[in-house]
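None of these values were measured; they are calculated from a predicted model.
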Amino acid sequence: MPPTDLADSSTGTRKPPRGIYLLPNLFTTAAMFAGFYAIVAAIGGRYTEAAIAVFVAGVLDGLDGRVARLTGTQSEFGVQYDSLSDLVSFGLAPSLVLYTWSLSALKAYGSGWGKLGWAAAFIYAACAALRLARFNTQVGVADKRYFQGLASPAAAGLCMSFVWAIEDKGLFGLDSNDVDFVTPVIAIVAGLLMVSRFRYFSFKAGPKSDRVPFIWIPIAMLILVALAVDTPRVMFAIAVLYVLSGPVMTLWGLRQKRSSRRALREAGRTDE
């Protein structure tokens, strides 16, 4: 009997059925659909739905890679398809949601402000594309524990949690009529952080064992309770803290390196 697709005749190892490669790509397609739906919802003026759809895309995007690793169905096609899906869900969708929600209103203050509005949206989308292209060139080379620059799902989470919080009950005393000059700052800062060299924890490495410190259990419980009480503002707070962690961690690392070099120089002088 000839060997089937399930076995590799040269190595004797068992291969997954060909059809299982469809599974992670279905999650990727669902994530792209959620991003596309966010664009459609924003065009229709349903901004809360649009923001939630981007978060749904983020959840699905986190699942497709894990499903591929668990089933042993990673492929170059899946990597490239995932990047294209991310560009739609976390690049184009957030930029268009921000533009239809607030940035387009800047033209009421003059043509210059109107240009700033669409320029801010474009900067965000272009930086997301650059971030994804750089990430693809670093696959298998970069340290998996860290991202270089803010990941596009995190940048989208910052922008969409801001929209969601304002649409829900307002944020810091702001409402949808007061954010016209704040939104371009959010979009541009999020875009530039994506192409920055700041290091961010990727959370891909995970714990080295099944055991974690007990303190993580009450922390996780408090986060879940807070999310249940006020989801949009807690999501925005988490996004802000994560965004700030990159510059803080990078600057702290640079300070530690300077201290180490200074200590080595002083040790060298002492030996002399």
Test side-chain hydrogen bond (donor to acceptor under 3.5 Å, both in side chains) applied to Asp82 - qualifying residues, sequence neighbours left out: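 None.
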Mind checking the [atom1]-[atom2] spacing from [X] to [Y]? Nearest 0.5 Å is all I need.
{"X": "Leu87", "Y": "Met32", "atom1": "CG", "atom2": "CE", "value": "10.5 Å"}
{"X": "Arg233", "Y": "Trp164", "atom1": "CZ", "atom2": "CH2", "value": "10.5 Å"}
{"X": "Ile123", "Y": "Trp118", "atom1": "CD1", "atom2": "CH2", "value": "9.0 Å"}
{"X": "Ser196", "Y": "Arg131", "atom1": "OG", "atom2": "CZ", "value": "9.0 Å"}
{"X": "Phe122", "Y": "Ser95", "atom1": "CZ", "atom2": "OG", "value": "10.0 Å"}

Does [Y] offer a backbone N or O that forms a donor-acceptor pair with the side chain of [X] under 3.5 Å?
{"X": "Ser161", "Y": "Leu158", "answer": "yes"}
{"X": "Arg197", "Y": "Gln148", "answer": "no"}
{"X": "Tyr124", "Y": "Ile186", "answer": "no"}
{"X": "Ser89", "Y": "Ala57", "answer": "no"}
{"X": "Thr137", "Y": "Arg134", "answer": "yes"}
{"X": "Thr250", "Y": "Pro247", "answer": "no"}
{"X": "Tyr242", "Y": "Phe201", "answer": "yes"}

So that I know where these two stand, are Trp113 and Phe181 an aromatic pair - ring centroids less than 6.0 Å apart?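 Yes, close enough.
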Can you confirm whether or not the ring centre of Tyr200 sits under 6.0 Å from the ring centre of Tyr146? no
Under a 3.5 Å cutoff, is there a donor and acceptor pairing between the side chains of Asp64 and Thr28?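 Yes.
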Counting only heavy atoms not in Tyr81, do more than 12 fall under 6.0 Å of its OH? yes
Over 12 foreign heavy atoms within 6.0 Å of CZ, Phe36: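 Open.
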Does NZ or CZ of Arg66 come closer than 6.0 Å to the centre of the six-membered ring of Phe27, within 45° of the ring's axis?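 Judged by the rule (NZ or CZ under 6.0 Å from the ring centre, within 45° of its axis), Arg66 is not positioned above Phe27.
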